[in-house]
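Notes to accompany the following structure.
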Amino acid sequence: MAQKPSIPKGTRDFSPVEMARRNYIFDTVKEIFQRYGFQPIETPAMENLSTLMGKYGEEGDKLLFKILNSGDFISKVSEDELQERNSVRLTNKISEKGLRYDLTVPFARYVVQHRNEISFPFKRYQIQPVWRADRPQKGRYREFYQCDVDMIGSTSLLNELELVQIINDVFNQLNINTVVKINNRKILAGIAETIGEADRIIDITVAIDKLDKIGLEKVNQELLDKGVSQEAVDKLQPILQLSGSNAEKLDQIEAVIGGSTVGKKGVEEMRTLFAYLSGFELTTEVELDLTLARGLNYYTGAIFEVKAKDVQIGSICGGGRYDDLTGIFGMPDVSGVGISFGADRIYDVMTQLELFPDEAVASTKVLFVNFGEKEEAYCLPILARLRANKVNAEIYPEAAKMKKQMTWADRKQVAFVVMVGEEEIKQGKLTLKNMKSGDQQLVSPEELIKILSE
RNA sequence: GUGGUUGUAGCUCAGUUGGUUAGAGCACUGGAUUGUGGUUCCAGGGGUCGUGGGUUCAAAUCCCAUCAUCCACCCCA
């Protein structure tokens with residue numbers, strides 16, 4: 001038992017049933033992405049470490065899976081460097097590739113590399129696995145799929161509107177109750193600026209982010225601990241205690257941070273977006289949430305996060321606007337905005353709420369029971385004709401006991417079974433059994449094809 | 001990286017204050033039913049009790065270590 005084979009921590013195998021359900025999610029998402037004019041691309045599982053490093057903050061660098069160089073890489077490392085025992089420095093010497101951490105950064109790399117083939121604004125979607133060397137727990141895996149939609153090369157807030165509509169459509173179709181939380185990095189920057197702690201923006205947002213978890217008092221305490229002045233914390237209070245509709249909240253914020261140019265810009269952007277949104281009937285609730293920070297440090301405008309209402313799990317979708325992601329790769333002034341659906345968490349939510357429709361698991365339509373060589377010879381051509389008519393059909397590969405073959409068909413949820421013995425051959429017919437109702441009938445090959453083709 | 005939880009049959013779990021041969025349900029195999037599955041009945045196979053050490057006349061049970069697992073924090077899809 002100890003030597004049973006296993007897979008790495010945080011990874012999973014997927015059975016046929018699980019695959020059918022996962023594909024149901026992927027198909028839904030794809031269909032909606034395409035309806036909004038997005039086109040697919042794919043990028044390699046591994047990227048150069050130079051592309052990946054430094055894009056996700058210090059924490060992110062630690063979570064990157066690195067790939068050892070091929071060949072005798074250790075011989076190229078000097079004795080001094082080995083003695084130093086510095087993992088970071090040594091990594092640079094023995095590894096130059098890593099598994100992708102998300103799809104956004106590889107996308108930025110793709111855009112820069114292919115800029116001359118792309119006509120902007122470029123709208124793409126990408127559904128591929130990503131890897132993070134995180135410690136696994138509920139809803140957190142080391143290998144998981146992201147479904148990204150981004151548009152790059154346009155600053156219009158119409159793009160933000162479309163993303164919210166896509167979120168709405170996807171979760172509506174999958175039947176998941178969600179709430180979309182929206183914030184704007186510029187507002188957060190404005191807050192930091194207003195209270196005179198502009199360079200502390202990260203500490204401040206991280207603290208604010210914890211508001212609904214640890215409460216107002218502890219947030220204030222954390223801010224003071226981080227070195228923010230009492231005066232600044234006092235100034236922050238009205239913002240931490242916002243209430244009312246999204247529009248009212250924006251008014252309250254503006255009253256406090258209106259003096260900041262960035263902050264004012266952020267408020268205006270949000271007003272425009274909510275104005276756009278007010279023109280549509282959305283089933284998903286949309287809420288302005290100032291405590292939404294999101295760790296990734298490349299966001300510069302709107303930030304989004306989607307939570308499932310009926311299940312306790314991390315966010316199932318997130319994203320935002322980044323004004324200069326391609327700048328790091330030498331292509332400045334290109335703004336993009338995008339979101340990422342976490343397919344695995346969506347799967348977990350749907351499993352828990354039992355939202356998968358039965359049709360999500362499709363199987364063989366008809367199985368030919370195998371009685372022996374003569375019967376095989378009679379069945380094979382008919383089987384081929386069924387397949388030519390696009391009917392999913394198969395024959396049991398050996399003349400096993402009938403009971404065994406029937407059990408096998410039942411387990412596989414095959415809809416029909418065809419039985420052919422001496423009697424049927426003599427008459428030139430076949431016995432067709434409906435596995436659900438149990439009904440049987442004697443039919444000719446032509447009738448069989450007609451019935452199953454429907 | 002920090003804190004905690006749990007490791008017993010393929011799966012989900014019982015197993016009393018340490019005490020004879022470690023149990024159940026589901027799953028599996030065979031039979032009732034030699035051309036009929038999903039229901040029912042009968043029978044059967046399957047366990048180094050995560051691993052290594054220690055205490056004891058005696059350890060699944062107590063102690064230590066180790067590995068694995070899940071959960072929370074951090075962070076995040």
Side-chain angles (χ1 to χ4, degrees), chain A residues 1-4 6-10 15 25 29 56-64 87 100-104 127-148 167 202 205-207 209-210 213-214 222 292-297 299 303-308 312-320 338-349 367-372 375 396 399-425 430-440 442:
Chain A
M1 190 154 136
Q3 58 271 69
K4 244 198 310 189
S6 65
I7 53 176
K9 193 194 292 202
S15 67
I25 295 174
V29 162
Y56 311 104
E58 213 175 306
E59 201 63 33
D61 282 355
K62 277 192 224 155
L63 298 181
L64 283 172
S87 307
R100 72 164 100 78
Y101 178 92
D102 71 356
L103 300 176
T104 308
I127 299 175
Q128 289 191 278
V130 304
W131 295 268
R132 295 181 189 178
D134 225 341
R135 190 171 287 195
Q137 53 182 274
K138 189 180 183 183
R140 179 181 297 185
Y141 307 101
R142 290 185 143 187
E143 178 185 64
F144 60 97
Y145 270 76
Q146 290 194 328
C147 313
D148 269 36
I167 291 171
I202 298 202
T205 51
V206 166
D209 186 41
K210 292 179 185 161
K213 231 179 229 170
I214 64 176
E222 180 164 334
L292 173 62
R294 293 194 58 78
L296 293 182
N297 44 14
Y299 292 126
I303 31 186
F304 307 97
E305 191 163 286
V306 182
K307 292 216 156 200
Q312 184 80 34
I313 198 166
S315 59
I316 52 179
C317 177
I339 48 171
S340 177
F341 291 79
D344 300 86
R345 283 188 181 172
I346 293 173
Y347 181 95
D348 291 346
V349 169
L367 171 81
F368 282 66
V369 175
N370 192 326
F371 280 83
E375 292 83 356
Y396 197 86
K401 280 191 183 157
M402 179 121 181
K403 183 176 169 135
K404 181 166 185 178
Q405 299 191 42
M406 291 301 286
T407 307
W408 192 81
D410 188 47
R411 285 250 207 126
K412 213 173 164 183
Q413 295 186 53
V414 172
F416 295 92
V417 162
V418 165
M419 285 166 285
V420 173
E422 270 179 54
E423 196 53 36
E424 282 89 351
I425 295 180
L430 313 94
T431 296
L432 176 67
K433 172 166 179 147
N434 180 323
M435 290 298 273
K436 211 164 224 161
S437 64
D439 297 342
Q440 291 186 202
L442 195 64

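In what follows, chains are A, B, ... by sequence order, proteins preceding strands, each numbered from 1.
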What integer distance in Å separates [X]:[atom1] from [N]:[atom2]?
X        : N      : atom1 : atom2 : value
A:Ile339 : B:rC76 : CD1   : P     : 18 Å
A:Leu432 : B:rG35 : CG    : C1'   : 15 Å
A:Glu375 : B:rG35 : CD    : C1'   : 11 Å
A:Asp344 : B:rA77 : CG    : P     : 13 Å
A:Lys404 : B:rG30 : NZ    : P     : 7 Å

- Item | Selection: residues 414-421 of chain A, any non-hydrogen atom under 4.0 Å of RNA chain B |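 Hits under 4.0 Å, by residue number: A:Met419, A:Gly421.
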Under 3.5 Å, which N/O atoms of the protein pair with N/O atoms of nucleotides 1-5 of chain B?
residue : atom : partner  : partner atom : Å
B:rU2   : O4   : A:Arg135 : NH1          : 2.9

Which value, in whole Å, describes the distance between the [atom1] atoms of nucleotides [N] and [M]?
N      : M      : atom1 : value
B:rG52 : B:rC57 : P     : 23 Å
B:rC64 : B:rA22 : C1'   : 25 Å
B:rA14 : B:rU21 : P     : 24 Å
B:rU8  : B:rC13 : P     : 9 Å
B:rA60 : B:rG54 : P     : 15 Å
B:rU5  : B:rU66 : P     : 16 Å
B:rG25 : B:rC42 : P     : 11 Å

Please enumerate all protein N or O atoms sitting under 3.5 Å from an N or O of nucleotides 31-34 of chain B, with distances to 0.1 Å.
residue : atom : partner  : partner atom : Å
B:rG31  : OP1  : A:Lys401 : NZ           : 3.2

Just call it for [X]: base, sugar-phosphate, or nothing, with non-hydrogen atoms closer than 4.0 Å on any strand.
X        : answer
A:Gly60  : nothing
A:Tyr141 : base
A:Gly438 : base
A:Lys62  : nothing
A:Lys412 : nothing

- Query: What do you reckon, do A:Trp408 and the base of B:rG37 stack, with centroid distance below 5.5 Å and planes below 30°?
  - Reply: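 A:Trp408 ring does not meet the centre or angle cut-off for B:rG37; no stack.
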For the side chain of [X] and the base of [N], is some donor closer than 3.5 Å to an acceptor across the two?
X        : N      : answer
A:Asp410 : B:rG38 : no
A:Gln405 : B:rU36 : no
A:Glu424 : B:rG35 : yes

- Between B:rU36, B:rA77, B:rG35, which nucleotide has the shortest distance from any of its atoms to the side chain of A:Gln440?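 Within the option list, the nearest is B:rU36.
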- Query: When you measure from the side chain of A:Lys138, which nucleotide among B:rG35, B:rC71, B:rG37 comes out closest?
  - Reply: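 Nearest to the side-chain atoms of A:Lys138, counting from C-beta on, is B:rC71.
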- When you match A:Met402 and A:Lys9 each to their closest nucleotide on RNA chain B, which lands nearer the 5' end?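 Counting from the 5' end, the first nearest nucleotide belongs to A:Met402.
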- Could you check A:Gly314 against A:Pro136 and say which one's nearest nucleotide on RNA chain B is further toward the 5' end?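 Whichever sits nearer the 5' end wins; that is A:Pro136.
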- Dot-bracket for RNA chain B, 5' to 3', with Watson-Crick and G-U pairs under 3.5 Å, [ ] for crossing pairs and | for other-strand pairs: what is it? ((((.((..((((.....[...)))).(((((.......))))).....(((((..]....))))))).))))....
- Message: In terms of relative ring orientation, are A:Trp408 and A:Tyr396 parallel, tilted or perpendicular, with 30° and 60° separating the classes?
- Response: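 If you compare the ring of A:Trp408 with that of A:Tyr396, the planes turn out perpendicular.
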- Considering residues at least two apart in sequence or located in another chain, which fulfil the salt bridge (charged side-chain N to carboxylate O under 4.0 Å, His left out) criterion with A:Glu423?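 Here the qualifying residues are A:Lys426.
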- Taking only residues two or more places apart in sequence, or in another chain, which ones meet A:Lys210 in a salt bridge (charged side-chain N to carboxylate O under 4.0 Å, His left out)?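 In terms of salt bridge (charged side-chain N to carboxylate O under 4.0 Å, His left out), with neighbours along the sequence ignored, A:Lys210 is linked to A:Glu222.
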- Query: Just checking, is any N or O donor in the side chain of A:Thr431 or A:Glu424 under 3.5 Å from an acceptor N or O on the other one?
  - Reply: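 Yes, because at least one side-chain N or O of A:Thr431 sits under 3.5 Å from a partner of the opposite role on A:Glu424.
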